[in-house]
Amino acid sequence: MGAEDVEVHLFAAARAAVGESVVHVPAGTLAEVLAALEDGYPAFVAVRPRCSFLVDEVAVHDPGMAVAAGSRLDVLPPFAGG
Amino acid sequence: MGAEDVEVHLFAAARAAVGESVVHVPAGTLAEVLAALEDGYPAFVAVRPRCSFLVDEVAVHDPGMAVAAGSRLDVLPPFAGG
Amino acid sequence: MGEIRLVEVGEALLSVTTVEELVADPRAGAIVSFGGNVRDHDHGRSVARLTYEGHPSAQAVLAEVAKEIDARFDVVALAVAHRVGPIAIGEAALVAAVSTAHRGEAFAACQALVDLVKERLPVWKHQVFTDGTDEWVNCA
Amino acid sequence: MGEIRLVEVGEALLSVTTVEELVADPRAGAIVSFGGNVRDHDHGRSVARLTYEGHPSAQAVLAEVAKEIDARFDVVALAVAHRVGPIAIGEAALVAAVSTAHRGEAFAACQALVDLVKERLPVWKHQVFTDGTDEWVNCA
């Protein structure tokens with residue numbers, strides 16, 4: 001991991017698609033970071049549209065928002081509790 | 001009890017007003033039977049308007065309905081279960 | 001049609017756990033239960049003791065109520081019991097449980113069951129207050 | 001404000017009786033409880049085993065959900081727990097109980113609590129079917 005990377009934490013179906021719990025991708029906008037994940041892990045393409053995202057524990061909806069180097073991105077598939 | 005009487009069963013607040021669980025009054029219409037109870041037990045006057053009535057286990061609403069000799073009249077104050 | 005697993009009007013102590021366990025079923029994803037407990041206060045007055053009186057038809061009426069709920073909702077199983085006689089503060093007067101495949105139906109059916117019991121069951125509640133006065137509830 | 005007596009996301013076996021007992025209170029005339037149990041079938045397919053995974057924030061989110069319900073309803077006490085990890089068929093994944101002075105509020109608050117848990121709690125359900133296939137629920 002370089003200092004310029006984002007630490008991506010994957011859960012449930014997103015983890016299953018990527019095959020890892022944690023991966024590192026270069027910093028950028030949210031859209032860029034997710035595109036990098038799709039390039040690296042083609043099975044993630046099907047899951048991504050249903051996911052929500054946290055950057056350092058805060059929900060992020062704007063694909064243009066910057067995900068800074070050193071930050072943590074959580075990828076959350078639709079919840080299914082109860 | 002004469003064979004021409006109605007057997008009146010009183011419950012809860014109606015029993016408390018009359019002071020007895022079972023009393024006998026002459027047969028007649030429902031209105032006449034209830035009037036006889038009011039005459040005999042003045043405390044019943046306050047309770048009667050809130051009560052419902054069963055004649056031989058069937059609900060009766062019509063004050064003109066005959067309550068035959070030998071039948072049973074149940075006097076039910078408002079329910080308060082649960 | 002679901003299964004009506006308990007309908008009881010009697011003097012025995014009631015437990016919500018008992019009715020819940022009765023309605024458990026491998027087909028049921030949701031169980032909703034209700035416990036109506038005797039409180040130590042009513043309308044700001046302190047209750048010393050309490051007795052429920054039941055009409056002889058109460059058991060039959062409760063069975064009709066249970067059948068009606070089973071017919072109206074998609075129930076897996078239901079169980080309901082109302083206590084009569086003296087009841088100590090904190091103990092249950094009414095317990096009910098409904099199991100269904102999905103949770104929305106369980107809430108709706110259990111609430112309708114309790115509402116219908118309150119409306120139809122011929123039982124009466126007598127409260128004695130700590131000041132020595134007493135009342136028949138709903139008939140004051 | 002009522003009392004939030006249990007908020008728990010963990011691997012321990014859950015019991016509806018436990019949350020019911022936690023919310024019992026002399027001020028409460030009504031207790032409504034919910035048990036969401038793991039079924040052996042889902043959409044007609046036979047389930048062999050099941051695991052819930054929770055996000056690290058799940059405990060904090062459940063605490064927020066409990067606070068929100070307490071703020072919206074006139075609650076005496078509430079308790080709620082969601083299980084994570086492997087769960088056997090028939091065991092509870094979610095248990096909740098709410099006590100209130102009057103019964104209508106207990107039904108409304110318990111149902112809203114369960115609905116909000118389903119909507120907000122970051123947990124995921126993984127099912128393995130008896131035919132060997134598996135799925136992440138809501139993400140198929």
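Note: hydrogens, waters and symmetry copies are ignored here, and every other heavy atom, side chains too, is used. Every chain is numbered from 1, with letters handed out A, B, ... down the list of sequences. Treat the numbers as computed from the prediction; the structure is a model and nothing was measured.
Neither the backbone nor the side chain of C:R83 comes within less than 4.5 Å of any heavy atom of chain B. If you measure heavy-atom distances from C:H82 to chain B, the contacts under 4.5 Å come from the side chain alone.
Inspection of non-hydrogen atoms places C:Y52, C:E53, C:H55, C:P56 of residues 45-56 of chain C under 4.5 Å from chain B. Of all residues spanning residues 72-82 of chain B, those with a heavy atom less than 4.5 Å away from chain C's heavy atoms are B:R72, B:D74, B:L76, B:P77, B:P78, B:F79, B:A80, B:G81, B:G82, arranged by number.
Applying the side chain to side chain donor-acceptor pair (under 3.5 Å) test to C:D42 and every residue at least two apart in sequence or in another chain returns C:Q127.
Interatomic distance, CZ of B:R15 versus CH2 of C:W124, reported as 9.0 Å (0.5 Å rounding).
Options C:A93, C:A92, C:P122, C:S57 differ in how many heavy-atom pairs under 4.5 Å they form with chain B, and the most are formed by C:P122.
Applying the ring pair (Phe, Tyr, Trp, His ring centres under 6.0 Å) test to residues at least two apart or on different chains, none of the pairs has a partner in residues 42-72 of chain B.
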